[in-house]
Every structure is written in structure tokens, then in C-alpha cells.
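What follows is a single structure, written as C-alpha cells, with notes after it.
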Number of protein chains: 2
Amino acid sequence: MAAPKRLTQHDIAKLAGVSQATVSLVLNGAPTALARIPQETRERVQHVIRTTGYVADPIARRMAKGLNRILGVFTYEPAFPSAQADFFTPFLLGIEEEAQIQNYDLLLLTGAGVGQDRKIFADGNRLRIADGCLVLGREFDREELTRLVGGDYPFVAIGRREDAGGPVPYVGGDYANGTRALVEKARALGHSKLAYIGPPGPAESTADRWSGFYGALGDGLELVLHVETVGRAAEEILDALLGCGATVAFFVELADAVRVEAAARERGLSIPGDFSAVVLGSHIRAERSHVQFTAFDIPREEMGRQATAMLVRRIERGEPGSQILLTCEPVEGETLGPAKRRT
Amino acid sequence: MAAPKRLTQHDIAKLAGVSQATVSLVLNGAPTALARIPQETRERVQHVIRTTGYVADPIARRMAKGLNRILGVFTYEPAFPSAQADFFTPFLLGIEEEAQIQNYDLLLLTGAGVGQDRKIFADGNRLRIADGCLVLGREFDREELTRLVGGDYPFVAIGRREDAGGPVPYVGGDYANGTRALVEKARALGHSKLAYIGPPGPAESTADRWSGFYGALGDGLELVLHVETVGRAAEEILDALLGCGATVAFFVELADAVRVEAAARERGLSIPGDFSAVVLGSHIRAERSHVQFTAFDIPREEMGRQATAMLVRRIERGEPGSQILLTCEPVEGETLGPAKRRT
DNA sequence: ATTAGCTGCTAATGCGTATTAGCAGTCAAG
DNA sequence: CTTGACTGCTAATACGCATTAGCAGCTAAT
């Protein structure tokens with residue numbers, strides 16, 4: 001394919017009998033400057049541009065201006081691989097939407113690191129291609145986060161993050177209050193012996209659920225079982241549940257809830273007839289399970305949108321970045337019923 | 001905070017007590033040039049780079065050298081919005097995987113255009129930030145495609161595309177043969193009166209299905225019903241199906257098949273007991289329907305992978321780009337049975 | 001003693017654009 | 001006739017990097 005050397009403003013200038021600067025001004029000069037170029041000259045230049053099909057090289061343009069209109073998206077796990085797909089997709093949906101509105105492109109930091117070992121500051125870090133970046137992932141590398149906070153590179157995390165040598169700008173879901181609201185609901189339905197299936201930390205997302213849960217205890221509510229490990233055999237969890245007299249179980253992971261529900265059904269137990277179950281969060285694929293669990297909604301798209309908007313503000317106006325927690329509304333579901341008097 | 005002034009090679013140079021040129025050479029000089037910089041100096045420079053976390057500005061780099069290690073991804077519809085999410089996600093999965101292997105980052109050309117009106121050449125094609133680009137979408141803008149083919153910018157389409165002022169480089173699925181194979185299967189099971197639910201074009205993807213289908217007719221096979229509009233009321237389609245004596249229906253859209261199956265079941269008809277149904281393609285969310293339709297598999301991830309690999313070859317070695325159709329293997333399913341003698 | 005070749009660097013330039021400072025010319029007012 | 005303001009442009013520079021030409025100092029061979 002014959003690659004005719006790209007036209008430059010210089011070429012246009014020569015053809016129009018003006019200087020390169022004039023071409024640039026005609027193209028996108030400030031109104032004040034434009035006012036000083038007579039209509040006639042402007043038209044001559046425009047005409048040459050039109051007939052040649054010239055388009056300014058965006059690279060050079062950005063080079064001169066200093067801004068790329070590119071937002072980086074760094075994920076601590078590969079963004080698309082099937083298992084994770086449903087975790088990241090809704091965030092990306094919101095991010096893409098807002099980015100488009102703000103007229104930014106998205107750079108997926110893919111090459112960053114192969115396999116497990118993703119590091120923002122990996123060797124040959126390409127982050128700075130973008131004007132700023134969004135960071136997502138279940139668990140962050142604390143050291144990297146500190147470095148980000150300490151640096152002058154604009155970023156926003158998705159999901160609440162503890163201070164790391166300073167406050168971390170983020171948009172997260174208010175899991176603590178989402179959880180608390182569900183506990184209150186259980187209380188209202190007469191439950192008093194609760195089980196909690198999931199770790200109390202260390203990731204912020206799980207820590208927040210736990211603190212919301214734990215903070216709502218007392219005053220008639222009692223934690224009678226805490227299974228800290230995720231992915232435990234369903235039978236085992238079920239036995240423990242029945243053994244300790246809990247009337248409602250709070251699950252951090254939907255997967256656990258699904259498995260326990262299945263095990264219960266196999267034994268002829270019903271939910272919420274025999275005991276109630278609550279999932280602390282919403283999961284895209286929840287629909288696939290025939291059971292609609294009582295849970296709270298995580299406004300993932302909105303988180304993506306707001307985080308993107310905040311990042312753009314940081315980039316364009318130098319705003320400092322703040323910390324936003326979005327409300328997680330309860331989802332009715334069908335697995336939380338009145339407490340059953342156990343015999 | 002106004003200008004978080006990024007580090008430049010100049011800064012590094014000063015810190016290491018060398019010149020900017022030396023820094024650049026240490027970073028990526030040709031072996032011949034590198035040989036002339038003693039180990040000691042190189043280490044000094046590297047050390048400064050590491051401790052400061054300096055990264056070369058890719059825009060400037062691209063400006064100077066012309067390459068970026070960035071692949072653009074242009075989608076004719078927003079990449080993530082829920083309805084489409086399942087359409088693009090598997091492609092992106094393959095693309096991301098291969099890009100990572102080849103050590104490229106992905107730039108989602110998001111800002112390109114808002115809403116329906118996505119255009120590659122919309123604003124002074126920011127496309128060129130990337131070294132090359134992948135184009136995906138159900139339907140392409142033919143004019144833009146022609147411009148791409150005519151230009152010297154490397155790109156690869158995902159999905160077969162007709163010539164547009166020249167052959168279009170693509171990696172697609174062989175829908176025609178995938179369809180043909182399913183028709184043959186139906187023939188082997190004694191079917192002779194076929195129905196086709198879906199348009200014959202104009203998009204290549206639907207045209208290929210139709211041509212594969214139509215080409216397999218004759219020799220005992222007869223098209224007794226062709227419903228060209230997608231999304232027609234299920235009842236209506238069902239009536240037509242029953243009325244014309246078709247023993248098997250080929251659906252272009254899974255959604256139609258699902259709705260017709262549901263309508264049939266409601267009337268006490270069974271598939272494939274009363275008539276068979278075949279879907280021309282695979283759909284991620286197929287699992288959600290309780291019925292496993294007989295269909296063919298679209299190797300979306302593999303398409304993404306191979307398209308990415310081809311693009312990289314075009315970029316790095318200037319290869320001309322070719323046209324690849326990947327085999328779409330049949331999916332057994334449970335909706336294609338022996339033809340039933342209609343009374 | 002001159003030349004040739006090597007080592008270890010640096011100065012200079014180009015990439016294509018945006019932007020600013022300022023020049024030469026005209027015109028009107030003082 | 002000088003001053004100032006305005007018009008219509010252009011020269012020059014910056015942006016951050018890659019790359020090439022080449023300089024200064026040294027050694028070894030002729």
C-alpha cells in the first residue's frame with residue numbers, strides 16, 4: 001500500500017501561501033486571535049484543508065497541549081476473563097458511559113503485568129500514558145496505594161479504601177449501612193440468633209460488611225455462629241447453622257448462600273420456612289439461581305460513573321478528590337422471613 | 001495544585017549526572033549504541049529511574065518514533081452497556097489476552113462519538129494514538145470502512161466484511177458452513193420442510209447464515225416459511241410454523257427461539273417432539289434459558305485472539321493482513337430431533 | 001610522530017502542533 | 001509629523017523523546 005506521507009500544517013501552509021502558524025490559528029485559534037485573520041485568508045486556508053482532506057495529527061496535538069484525554073483503567077485482575085467478567089463489567093459500563101460524555105478514551109492497562117502479579121508500578125509502567133487513572137480490584141496492594149497517594153498523579157479508586165499515607169480518593173458502596181439495614185430488618189422480623197458466613201477482613205469490602213453487622217448486634221441480637229472461611233463445604237455450614245440454633249444466616253458470598261440453600265433443600269428444609277438467609281451484596285448472575293435472595297444492591301454502574309467524573313475533575317480542574325459512599329438499597333428477595341421458633 | 005509536572009528524561013539526566021540523550025540510550029538504545037555505555041553509568045541511570053518511578057511519555061515517544069505499543073479498539077456500539085455486554089465481552093476477553101501476551105495495552109475508543117452516532121473518523125481521528133486498531137460491531141459504516149482500507153493505518157475487523165474498495169482484513173466466524181452443517185444434520189434426521197426465522201441480510205453476519213442455509217436447500221429440502229423480521233410476536237411465528245407444515249425452524253436470533261419455545265410449551269407442544277428448532281449461533285446467556293438449543297458455536301474469544309495477533313503482525317512487520325474464517329462447530333443441544341410426520 | 005580506532009559520552013536536530021511575542025504596514029488622532 | 005492603536009500576519013519556541021553526527025581523550029599500530 002502506497003503510504004503517501006501524511007500532510008502536515010506546513011504543507012497546507014505552503015499551498016495556501018501562509019505560515020504554519022496561521023493554519024493552526026485558522027484551525028483552532030482563540031477567538032481573539034481569529035479575529036485578526038480576515039475572512040478571505042481563513043477561507044483560502046479552509047479550502048486547501050478541505051480539498052486535501054488534511055487532519056491534524058492528534059499525537060502532535062496532544063504533545064503540544066499536554067493533555068491526552070485518556071483515562072487509564074487499572075484492574076488488579078484481568079478485566080475480562082470469564083470468572084471476573086461479571087465483577088468488572090458493570091463498573092466498566094458506568095465508566096465507559098461517563099468517559100464518553102466527558103469525551104475521554106479509556107486505556108485498559110493490560111500489558112501491565114502478566115498473570116497474578118499485576119503491579120501498577122511494574123517495570124516499564126505505562127500508567128502515565130493516561131491523564132489520570134481509575135483503579136479497581138477486590139484487594140489493593142497497600143504499598144502501591146501509598147505511593148499513588150503520595151504522588152501527584154491523579155487517580156480515583158473504586159471501592160472504599162483505608163488511608164494509605166493519606167486519604168484515598170474513592171467512590172465506594174456503603175456496605176456497612178447496607179448490612180446494618182438488613183440486620184435491622186431481621187430484628188424486626190423477630191430474629192435474635194444470627195449467623196455470619198464470611199471473613200471479617202482484611203479487604204475493606206469485607207471489613208465494612210462485618211463492621212456494619214457487628215455494630216448492629218446487641219440489644220437482643222446475638223451472633224451464635226461465625227464461619228470465617230469462604231468456600232467451606234455446604235453440608236458443614238448447614239450442620240453448624242442448625243446446630244447452633246441460628247434463625248438467620250448472613251452470607252458475604254452469594255456462592256456460599258446458593259450452595260447452602262441447595263443443601264438445605266435436599267434435606268427437605270425450606271428457606272425462609274426453616275431459617276432465613278441474607279446475602280450481603282448483589283451479584284450480576286444472581287438471576288441464574290432460581291432463588292431470589294434477600295440482599296442489598298451495589299450500585300456498580302453509578303460507582304463507575306461517579307468515579308470517572310471525579311477523576312476528570314481532578315485532572316481538569318485540579319480538584320483534590322474526595323471520598324464518596326453510595327447508598328446500597330435493600331433488595332426484597334424471598335429468603336428473609338419471620339423467625340421460626342426452634343424446638 | 002496546577003501542573004503536577006511529570007518527570008522527564010531531562011530530570012533523570014540531571015539527577016544521574018548525564019545528558020538526556022544518555023538516558024534515552026540506556027532506556028532503549030540499539031545494542032550497538034548500548035555497548036558504548038559502560039555498565040557503571042547504565043546502573044547509575046537505571047537506579048535513578050527506579051527510585052523516581054520515571055516512565056517515558058508515550059505520546060512523545062510515539063511522536064519521535066511512531067510507535068506506542070497501544071492497540072485501539074473501536075466498537076460501533078458502546079462496549080459495555082448491558083444489552084450489548086454479552087456481545088462484546090467474549091471478544092474483548094480474547095483481545096485482552098492476546099494483547100497482554102504481545103505486551104500491548106488497549107485503548108477503548110470511547111469518546112469517539114456519543115450515542116448512536118459513532119464514527120471512527122469523527123473528531124480528528126484520535127484513532128492514531130494507537131499503533132493500529134481493531135474494529136468490531138454488528139454493522140459497519142461502509143464509507144468509513146472504505147476509507148480505512150484505502151488508508152495506511154493498520155486495522156483488522158472482527159467478523160467477515162465484504163470488500164470495501166479493496167479486501168478487508170478480518171477474522172470472522174464461518175457462519176455459512178456452520179449453518180450448512182446444521183441443515184445437513186436436519187436432513188439426516190428426515191426433515192424436508194424447513195422454516196427460516198431471520199433476515200437474509202444486509203449485515204454480513206446474517207447474509208452468511210442465509211447463504212449457507214439457502215445453498216443447502218434442494219435435493220429434498222424445501223423452504224416452506226421465511227419470517228424475515230426479527231422480534232415478531234412469538235404467537236404469530238408459531239402459528240405460521242404450524243400452518244405451513246414445517247418440521248424444523250432455523251432461528252437467527254436466540255431470543256426469537258426462546259420466545260417461540262415458550263409459546264409452544266404453553267400450548268402443550270414439545271420441542272423436538274412436535275417440531276425441531278435450531279439456533280444459528282451461540283449466545284453467552286444461552287445458559288439462562290433452561291432449554292439447551294441445538295446451534296453452532298461462535299469462537300468469539302479465538303476470533304479476538306487471532307485478530308489481535310494479525311493486527312500486531314501488520315504493525316510490527318508490515319504484513320498485509322489476511323482474511324480468516326474460523327470454523328463454527330455444531331452444538332448438540334436438545335432441540336433437534338427426528339422429523340415428525342405431520343398429520 | 002602520525003594515524004587509526006576505540007571509548008564514553010553530548011549537542012543538535014526532528015517529529016507536528018499550539019501559542020506567544022512581535023514585526024511591518026496602515027490609519028487616525030493630536 | 002509624531003504617536004498610538006490596530007491589522008494581518010510570521011518567527012520562534014515548547015512539548016518529550018529518539019537518533020545521528022561527532023567531539024575529546026586515550027591506546028596501539030605504523
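In what follows, every heavy atom counts, from backbone to side chain, and hydrogens, waters and symmetry copies are set aside. For clarity, every value in this text was computed on a predicted model and none was experimentally measured. Note on naming: letters A, B, ... go to the chains in the order of the sequence lines (proteins, then strands), and numbering restarts at 1 for each one.
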| Side chain of B:Ala21 (C-beta onward), nearest among C:dT7, D:dT10, D:dT19 | D:dT19
| Between A:Tyr54 and C:dG16, is there a side-chain N or O to OP1/OP2 distance below 4.0 Å? | no
| N/O (side chain, A:Arg61) to phosphate O (OP1/OP2, C:dA18) under 4.0 Å | yes
| field | B:Thr22 vs B:Ala60, nearer the 5' end of DNA chain D by closest nucleotide | value | B:Ala60
| B:Ser24 vs D:dA18: side-chain N/O to OP1/OP2 distance below 4.0 Å | yes
| query | Within 45 degrees of the axis of the six-membered ring of B:Tyr170 and under 6.0 Å from its centre: does B:Arg161 put its NZ or CZ there? | reply | no
| request: Name the nucleic acid region contacted by B:Val18, choosing base, sugar-phosphate or nothing; use a 4.0 angstrom heavy-atom cut-off, strictly under. | output: sugar-phosphate
| query | Which nucleotide sits closest to the side chain of B:Thr8: D:dC17, C:dG16, D:dT10? | reply | D:dC17
| Any idea which of D:dG8, C:dG8, C:dT19 is nearest the A:Arg36 side chain? | D:dG8
| Quick one: which of C:dG16, D:dC17, C:dA18 gets closest to the side chain of B:Gln20? | D:dC17
| query | Would A:Val171 and A:Ile158 count as a side-chain contact (heavy atoms from CB on, under 4.5 Å) if you check the C-alpha gap in whole Å, the side-chain angles of each, and the deciding distance to 0.1 Å? | reply | CA-CA 5 Å; A:Val171 176; A:Ile158 292 193; 5.7 Å; no
| query | Between A:His10 and B:Ile37, which is nearer to the 5' end of DNA chain C once each is assigned its nearest nucleotide? | reply | B:Ile37
| Separation of atom CD1 in A:Ile59 from atom C1' in C:dA18, rounded to whole Å | 15 Å
| field | Pair A:Gln100, A:Glu96: side-chain N/O donor-acceptor within cut-off below 3.5 Å | value | no
| note | When rounded to whole Å, the CZ to P distance for the pair B:Arg44 and C:dG8 reads 12 Å
| field | Whole angstrom value for the distance that separates P of C:dG8 from CD of B:Gln39 | value | 11 Å
| remark: To the nearest angstrom, the NZ-P distance between B:Lys14 and D:dC17 comes to 13 Å
| field | Polar side-chain atom of B:Asp57 near backbone of B:Ile59 as donor-acceptor pair, under 3.5 Å | value | yes
| query | Rounded to whole angstrom units, what separation is found between the CG atom of B:Leu27 and the P atom of D:dT19? | reply | 12 Å
| request: May I ask you to verify if any side-chain N or O of A:Gln9 is less than 4.0 angstrom from the OP1 or OP2 atom of C:dA18? | output: yes
| Approximate separation, where rounding is to 0.5 Å, of A:Ile315 CD1 and A:Tyr153 OH | 7.0 Å
| task | Let me know the distance between CG of A:Leu25 and P of C:dT19, rounded to the nearest Å. | result | 9 Å
| query | Only one of B:Gln39, B:His47, B:Gln46 clears side-chain hydrogen bond (donor to acceptor under 3.5 Å, both in side chains) with B:Glu43; which? | reply | B:Gln39
| query | Using a cut-off of less than 4.0 Å, is there contact between a side-chain N or O of A:Ser19 and OP1 or OP2 of D:dT10? | reply | yes
| query | Between A:Arg62 and C:dT17, does any side-chain N or O lie under 4.0 Å from OP1 or OP2? | reply | no
| query | Which nucleotide in the list C:dA18, D:dC17, D:dA18 gets nearest to the side chain of B:Asn28? | reply | D:dA18
| Do the side-chain N or O atoms of B:Thr41 get closer than 4.0 angstrom to the phosphate oxygens (OP1, OP2) of C:dC9? | yes
| query | Expressed in angstrom and rounded to an integer, what is the separation of A:Lys65 atom NZ from D:dC15 atom C1'? | reply | 13 Å
| said: Using whole Å, what does the distance between atom P of nucleotide C:dC9 and atom CZ of B:Arg42 come to? | reply: 11 Å
